[in-house]
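One structure is given below, encoded as structure tokens.
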Amino acid sequence: MCRGAPAGAGQRERAAVNSTRTVIVLAAGEGKRMKSSLPKVLHPVLGRTLLGHVLAAAEPAGAGTTAVVVGHGADQVRAHLAEVAPDATTVLQAQQRGTGHAARVAMEATGTATGTVLVINGDVPLLRARTLVNLIETHEAGGAAATVLTAEVADPTGLGRIVRDAAGGVEAIVEERDATAAQRAIVEINAGVYVFDAALLGVALTKLNTQNAQGEEYLTDVIRLLVDAGHPVGAHRAADATEALGANDRAELATLRALLRDRINGDLMRSGVTMIDPTTTWVDVTVSVGRDAVIEPNTQLRGATVVGEGALVGPDTTLLDTTVGDGASVVRSHALGAEVGPGASVGPFAYLRPGTRLARKAKVGTFVETKNASLGEGAKIPHLTYAGDATVGAGANVGAGVIFANYDGVRKHQTVIGESAFIGCDSTLVAPVEVGAGAYVGAGTTVVKPVPPGALGVARTPQRTVDGWVERKRPGTRSAAAAAAAAGESVAGHAGAGGERSPEGPGDTATE
Ligand code: UD1
Ligand code: CA
């Protein structure tokens, strides 16, 4: 089974770096260009918010305190953190006076004066845990005062440029708006991810000014201050430049989403998953998919979804927080909070709502909606049915067009169908009601009383047959002509459609 993001990596990577450290994530900015009521760092990308991705990447590196600087939409960001990173502390930056100011506020609030500080912009969702660990290792091996994560990008527009001296050492980071034409030509950019010696960072942050194009305290100015004071500053270049990409507007967000999709799908395919069309297959980082599973086009696997080995999912299917067992199939369907057992079959065109549980080899077929419904092993609901608040025993068969009437207008009630029971087509089961093991319900029955095990429950108005009605009431129609022809045939040959049938039996009323 492979996860979009390797789950076991955290343990290994934590072991690789072990000095005490503070992680500071900068997440106070508004992200004006998102044009959103949601703070930028809360926008979702394949299973996590931007901030959630950053925290997940930082998790293996954060041996000490993790502080998230909040400001714009602070309450929303705090509420989100309580869910995804309850151990993180939040630090309020009431006014967004720049990344340097944000780092200073966090250093003061956490009382960080010694050790190593990792500072990460909150909007770099493609950053890998492995890269952060490499950055820290480079920093520690080099004994530098600061080490910056950089990347070479095709289009550096809008980003801080890494200015190096003749010997190749990092000299400064210059923001695009403050850069000279020569500096703008530099394609090595600042990813917004840094490791600092805490004591030296603390001193440098007190020396920042706002003499720049944006009138802000730039964290990036710390680099020049450290170099000028004679401290060594290092850089670690990310092998994969996409890791450094941030999102400032929704178009950039879509670009990041597609890059992450390609990364996740590539990992899954290399782990033995077949994807017929990886460009239209969107898998959250939190999803796992087993070997030899086949994912058909236009499929979204979201949240805590788990797809088993050899399962078939799609096309045109969305699964949220849904488990699909080994060898099961889910075709052109929508499932939320459902469990599909091994070898079970769903769709085409099924809607599984929360609390749906299908045991091994159960079937939910075409135009069937289920909610809080458990199907036993091999139980079948093949067509056109609503099954809410139901237990369907192993091997039971529910015919076409059956409604589990679970709602009385005030409360929801349970329907229990026993093992190997048989529900005829177009029946309504008015809950609470029970159909016993091996019992039958005749087609068209409204079940309002329990049907004991092995009994037949049927409620049906006797049929009235009016011979010759069409000839009298619809003369000259195609129906009348067809009836006349059939009467001729019947006179000429066999006995016609006359066979007597009991009005009570289920007859050929169920479907399979
Ligand atoms: C920053 C860097 C730039 C780098 C780029 C990488 C600075 C001055 N520039 O620019 O060199 O190439 O990131 O994406 O740091 N934030 C706060 N409080 C503030 C201001 C910002 O918490 O007062 C947070 C934002 O929420 C965001 C992060 O800091 O998560 C970066 O801020 P942003 O405004 O996006 O910086 P950039 O202009 O992109
Ligand atoms: Ca940015």
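Every number for a ligand or one of its atoms is a count from 1 in the order of the listing.
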Over 12 non-hydrogen atoms of neighbours within 6.0 angstrom of NZ in Lys361
no
Which of the ligand 1 atoms, numbered from 1, are nearer than 4.0 Å to a heavy atom of Gln96
19 (C), 23 (O)
Suppose I only count heavy atoms of Asp123 and a 4.0 Å limit; which atoms of ligand 1 are within that range?
30 (O), 35 (O)
Geometric N/O contact Val41 with ligand 1, under 3.5 angstrom
no
Side chain or backbone of Ala27 under 4.0 Å from ligand 1, or both, or neither, by non-hydrogen atoms?
backbone
Among Glu152, Glu188, Glu176, find the one that has a salt bridge (charged side-chain N to carboxylate O under 4.0 Å, His left out) with Arg161.
Glu176
Residue pair Asp408 / His413, side-chain donor-acceptor N/O under 3.5 Å:
yes
N/O separation below 3.5 Å, Thr99 to ligand 1:
yes
Listed partners of Lys207 passing side chain to side chain contact (heavy atoms under 4.5 Å, CB included), at least two apart:
Val203, Leu225
Per-atom filter on ligand 1: closer than 4.0 angstrom to a heavy atom of Arg97 are 23 (O)
Side chains of His139 and Thr116: any donor to acceptor distance under 3.5 Å?
no
Backbone or side-chain N or O of Ala191 under 3.5 Å from ligand 1 N or O:
no
So for atom CZ, which belongs to Arg302, do other residues, nucleotides or ligands contribute more than 12 heavy atoms lying within a distance under 6.0 Å?
no
Is any N or O atom of Gly29, backbone or side chain, closer than 3.5 Å to an N or O atom of ligand 1?
yes
Go through Arg78 and Asp75 one step at a time and tell me if the salt bridge (Lys or Arg N to Asp or Glu O under 4.0 Å) criterion holds.
CA-CA 5 Å; Arg78 278 199 200 97; Asp75 290 342; 3.2 Å; yes
Can you find a side-chain donor-acceptor pair between Thr323 and Glu339 that sits under 3.5 Å?
no
Is ligand 1 less than 4.0 angstrom away from at least one heavy atom of Thr220?
yes
Salt bridge (Lys or Arg N to Asp or Glu O under 4.0 Å) partners for Arg353, two or more places apart:
Glu369
Side chain, backbone, both or neither: which part of Ala244 has a heavy atom under 4.0 Å from ligand 1?
neither
Would you mind running through ligand 1 and noting each atom that sits below 4.0 Å from a heavy atom of Ala102?
17 (C), 18 (N), 22 (O)
Short list, please: which atoms of ligand 1 are under 4.0 Å from a heavy atom of Ala28?
17 (C), 18 (N), 22 (O), 26 (O)
Any idea which atoms of ligand 1 are less than 4.0 Å away from a heavy-atom of Lys40?
35 (O)
Give me the one residue out of Asn209, Asp178, Thr210 that meets side-chain hydrogen bond (donor to acceptor under 3.5 Å, both in side chains) with Tyr218.
Asp178
Within-cut-off N or O pair, Gly160 and ligand 1, under 3.5 Å
yes
Do any heavy atoms of Gly246 fall under 4.0 Å from ligand 1?
no
So, regarding Gly122 and ligand 1 (criterion: nitrogen or oxygen to nitrogen or oxygen, under 3.5 Å), is there a contact or not?
yes
Show the atoms of ligand 1 that are less than 4.0 angstrom away from any heavy atom in Asn121.
1 (C), 5 (C), 6 (C), 13 (O), 14 (O), 28 (C), 31 (C)
Could you check whether the rings of Tyr351 and His334 sit parallel, tilted or perpendicular, using 30° and 60° as the cut-offs?
perpendicular
Distance filter under 4.0 Å to Tyr218 heavy atoms, resulting ligand 1 atoms:
8 (C)
Backbone of Val306 reached by a side-chain donor or acceptor of Ser288 within 3.5 Å:
no
Polar atom proximity, Val69 to ligand 1 (N or O, under 3.5 Å)
no
Who's closest to atom 17 (C) of ligand 1 heavy-atom-wise, of Gln93, Glu30, His72, Glu175?
Gln93
